[in-house]
Amino acid sequence: MKRKRIKDEPAVKKEDGEHPVSQKPKRTKEETKEARVKKKEEEEKSRWRWWEEEKYEDGVKWKFLEHNGPFFPPEYQPLPDNVHFYYAGNKVKLSLAAEEVGLFFAQMLDHEYTTKKVFRENFFTDWRKEMTHEERKLIKDLDKCNFTELFAMHKARVEARKLMTKEEKLAVKEANQKIVDEYGYCLLDHHKERIGNFKIEPPGLFRGRGEHPKQGMLKTRILPKQVIINCTKESRVPVAPAGHNWKEVRHDNTVTWLASWTENIQGSIKYIMLNANSKLKGEKDWEKYEVARKLKSCVDNIRKQYDQDLKSKQMKTRQRAVALYFIDKLALRAGNEKDEGETADTVGCCSLRVEHITLHEKLDGSECVVEFDFLGKDCIRYYNKVPVIKKNLNIFMENKSPGDDVFDRLTTVLLNKHLSSLMPGLSAKVFRTYNASITLQQQLKELSNKSDNEPEKLLSYNRANRAVAILCNHQRAAPKTFDQSMANLQAKIDARKEKLSLAKTELKQAKKDAKKSSPEPKPHPLVERKMAAVQRCEELLLKMEVQATDKEENKQISLGTSKLNYLDPRISVAWCRNMVVPVDKIYNKSQRDKFAWALDMTEADFEF
DNA sequence: CTTTTCACTTAGTATATAAAAT
DNA sequence: ATTTTATATACTAAGTGAAAAG
């Protein structure tokens, strides 16, 4: 209301009159800005402030849930007549099913996957299952298959998509938006909530991480008759696509999912659930950090106890103590058992094997050093050398083969049972959350200064974030263009440095000239201007140098995972308030939405 | 007890979109 | 205006851990 009136104030008109040239752009700029502010306000008003409401009784996740069911991927479109598959040099017209799966492989031909033996064998086995009897009789060797034309077609399609006109792109965008509008939202207890993954996963070739024994297998198309729907009985129950039926419609308000199906590779269940900014996800997230904060108050005692247990006569207790020490000190994951042959060979703390650990009497000046080298979640390598006091591991590893478990008397179930007896809600993963968050808080305190300028403050924040990412071993592949873009940045810095020195000489000259013309030390416009130019140059240079440092340090480290999953957002928000840094410098839009509860409730004096 | 099932969080990468540079 | 580069989002695999089933 107020804002609208301001727009018509005479003051603005007067200003416009003074600068007739800038009138038009200025006005539209102001208008869009205003629209943005208005939109923001509206969004704020419609936001569900669930954190101010009372919690439901135990186990109840919702009282009313209505949605339109999942969105199914489009059905397969057969190849155009001018694109052919060849076997042993001969043109072969494949059946629809075989053609579809063949195309999955053809599309990946420029990917390393398709050169791997396991991938090729798994693919070929599953592909043959899709073939007709005749096809199977003919096609017996993947090496004799020629997918060149299918591959070329795929490449051309990708290229064509890039070259679409603006109108075509807009049309695609609108079509996608329509799908989101129809399937992307649900109604949960009177509030419209965004669904996280409302699309059924399309068929394709399974791509596991690392040396996955099932890579290349066919991930089959999901039909409505395989899908279970979950919603309120009295709601508008989603209708299955024409000619199809759901596997089941149930009304279970003790779970948060809207639909589920069983995937054919591992036989595990996939769920359709709400977006991270929803109440159901947010509340759980908040709870997670509250449990971690509770650990803060009793972690000293727990540490004392496992320190004592290191000397226990009971081997079981001793192993538990060592494992707990690793989990606490090194932020290792629990390490549940995995089915051999079904998944890639990765381990966590409790599943560590003798071959993953090397003991050194002496290393790099320290005595009794443990060297870890193993593949963890997602086949990310964990490599670390840690000095320890006691020689427990020696005993655990005595008379064992490389493939034997280090902790043969310990399982994650045993460990977690012990932990939950020490504190309600405590399990191995809570240590990761706790140590990540407390590290961020300590590092922020240590690294940042109120007197720093904004880029420096943000560098400190990133460095604190980075300390956590390193602790949790959150890695990423170095960006493909890393070296190039680093060099570009360096070139820009060099160019700026030259500009700065030039500006400095000009300033000196201007000062000299000013002195000559009037000996009194009164302000001189030219000197003022040159001074400002030098300062601006210095600021820009600093900003770029900070950026370069940040970039280099981040080359193979991923900050996002800890930011999103391990760091209590209230620590970051409190830091922003303290340092007078806008929250949107550290959290983008969707992150602010996810952490809306923290943004709303956190004061500058929050302590984790 | 052990094994299996289920529900949910955590994870890195591929792709789309926005921002910056030319 | 177009191309390049950076950032955000989409995707789905891979974990954790509690509870049910055997």
Side-chain angles (χ1 to χ4, degrees), chain A residues 59 61 73 111 158 161-162 166 169 172-173 176 180 184 194 196-202 204 206-210 212 214-215 219 228 230 252 254-257 260 262-263 265-276 280-281 284-285 287-288 327 333-339 342-344 346-351 375-380 411-417 419-420 425-433 436 469 472-477 479-482 484-486 488-489 492 547 551 554 556-566 587-591 593-594:
Chain A
K61 303 289 166 63
H111 200 293
V158 170
R161 200 159 353 122
K162 273 192 214 152
K166 241 179 212 155
K169 279 182 183 162
V172 169
K173 203 174 166 186
N176 284 334
V180 173
R194 182 83 199 260
N197 58 326
F198 56 89
K199 288 179 177 166
I200 297 271
E201 292 172 19
F206 177 74
R207 306 155 79 125
R209 316 269 169 102
H212 202 294
K214 299 199 170 185
Q215 63 188 106
K219 188 166 109 169
I228 303 173
N230 192 32
D252 182 357
T254 70
V255 295
T256 65
W257 52 268
S260 72
T262 302
E263 147 275 336
I265 303 288
Q266 312 280 358
S268 65
I269 310 169
K270 298 260 182 167
Y271 300 95
I272 284 182
M273 288 184 191
L274 295 186
N275 188 274
L280 285 174
K281 294 287 186 192
K284 199 79 187 295
D285 212 31
E287 215 175 276
K288 174 181 77 186
I327 284 169
R333 295 188 185 81
N336 282 313
E337 236 180 308
K338 303 175 67 178
D339 322 359
E342 300 285 302
T343 56
T346 62
V347 296
C349 185
C350 293
S351 50
L375 296 182
K377 184 179 181 179
D378 295 307
C379 287
I380 298 296
T411 65
T412 53
V413 175
L414 247 34
L415 178 67
N416 282 332
K417 282 225 173 95
L419 289 175
S420 69
L426 187 61
S427 63
K429 79 194 273 280
V430 179
F431 281 88
R432 260 168 92 82
T433 311
C472 293
N473 200 224
H474 291 142
Q475 301 188 27
R476 61 165 186 181
K480 279 193 193 83
T481 55
F482 185 87
Q484 182 58 55
S485 77
M486 202 67 212
N488 289 350
L489 188 57
K492 266 167 68 183
Q547 198 189 349
K551 202 184 174 102
N554 249 2
Q556 280 170 297
I557 295 169
S558 157
L559 299 186
T561 306
S562 51
K563 204 176 196 176
L564 241 45
N565 301 300
Y566 287 100
Y587 287 141
N588 67 30
K589 177 76 170 68
S590 56
Q591 291 165 340
D593 279 349
K594 167 172 175 163

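A, B, ... follow the sequence lines: proteins, then strands. Residue 1 opens every chain.
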Given DNA chain B, 5'-ward residue of the pair Arg476(A) and Lys61(A), judged by closest heavy atom: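 Of the two residues, Lys61(A) wins.
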Select from Lys480(A) and Val413(A) the residue whose nearest nucleotide in DNA chain B is closer to the 5' end of that strand.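 Result of the comparison: Val413(A).
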Report the nucleotide, chosen from [options], that has the shortest atom-to-atom distance to any side-chain atom of [X].
X: Ser427(A); options: dC8(B), dG12(B), dA18(C); value: dA18(C)
X: Glu201(A); options: dT12(C), dT10(B), dA18(C); value: dT12(C)
X: Arg194(A); options: dA18(C), dC8(B), dA10(C); value: dA10(C)
X: Lys551(A); options: dA6(C), dA11(B), dA7(B); value: dA6(C)
X: Ala477(A); options: dA7(B), dG17(C), dT13(B); value: dT13(B)
X: Phe206(A); options: dG12(B), dA14(C), dC8(B); value: dA14(C)
X: Asn565(A); options: dT10(B), dA14(C), dA8(C); value: dT10(B)
X: Lys377(A); options: dT13(B), dA14(C), dC8(B); value: dA14(C)
X: His474(A); options: dC8(B), dA11(B), dA7(B); value: dA11(B)
X: Lys199(A); options: dA14(C), dT16(C), dC11(C); value: dC11(C)

Taking only side-chain nitrogens and oxygens of [X], does any of them come within less than 4.0 Å of OP1 or OP2 of [N]?
X: Arg161(A); N: dA16(B); value: yes
X: Lys281(A); N: dT9(B); value: yes
X: Lys429(A); N: dG17(C); value: no

Can you find a donor-acceptor pair, distance only, under 3.5 Å between Lys288(A) side chain and dT9(B) base?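 Answer no: no donor N or O sits under 3.5 Å from an acceptor.
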Validation row: [X], [Y] side chains within 4.5 angstrom (heavy atoms):
X: Lys377(A); Y: Asn473(A); answer: no
X: Trp257(A); Y: Ile269(A); answer: no
X: Phe482(A); Y: Gln556(A); answer: no

Is a side-chain N or O of Arg476(A) found less than 3.5 angstrom from the main chain of Asn554(A), in a donor-acceptor match?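 Checked: pair present.
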Looking only at non-hydrogen atoms, find the nearest pair between Tyr587(A) and Gln591(A) and report the distance.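 That would be CA-OE1, 3.3 Å.
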Spacing of Leu559(A) atom CG relative to dG12(B) atom P, expressed in whole Å: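 The answer, rounded to whole Å, is 11 Å.
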Value in whole Å for how far the P atom of dT12(C) lies from CZ of Arg209(A):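 For the pair Arg209(A) CZ and dT12(C) P, the rounded distance is 11 Å.
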Does Ser590(A) or Thr346(A) map to a spot on DNA chain C nearer the 5' end, using the closest nucleotide for each?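 That would be Ser590(A).
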Let me spell it out: for each of Arg207(A) and Gln591(A), pick the nucleotide of DNA chain C with the closest heavy atom. Which residue's pick is nearer the 5' end?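 Result of the comparison: Gln591(A).
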When rounded to the nearest 0.5 angstrom, what is the spacing between CZ in Arg194(A) and CG in Leu274(A)?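 So the CZ of Arg194(A) and the CG of Leu274(A) are separated by 11.0 Å.
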Hey, which of Asn336(A), Leu415(A), Asn416(A) is the one that makes side chain to side chain contact (heavy atoms under 4.5 Å, CB included) with Cys350(A)?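 Answer after filtering Asn336(A), Leu415(A), Asn416(A): Leu415(A).
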Run the side-chain contact (heavy atoms from CB on, under 4.5 Å) check on Leu280(A) and Met273(A) step by step: do they pass? CA-CA 9 Å; Leu280(A) 285 174; Met273(A) 288 184 191; over 6 Å; no
For nucleotides 20-22 of chain C, which of its nitrogen or oxygen atoms have a protein nitrogen or oxygen under 3.5 Å away, and what is each distance?
none

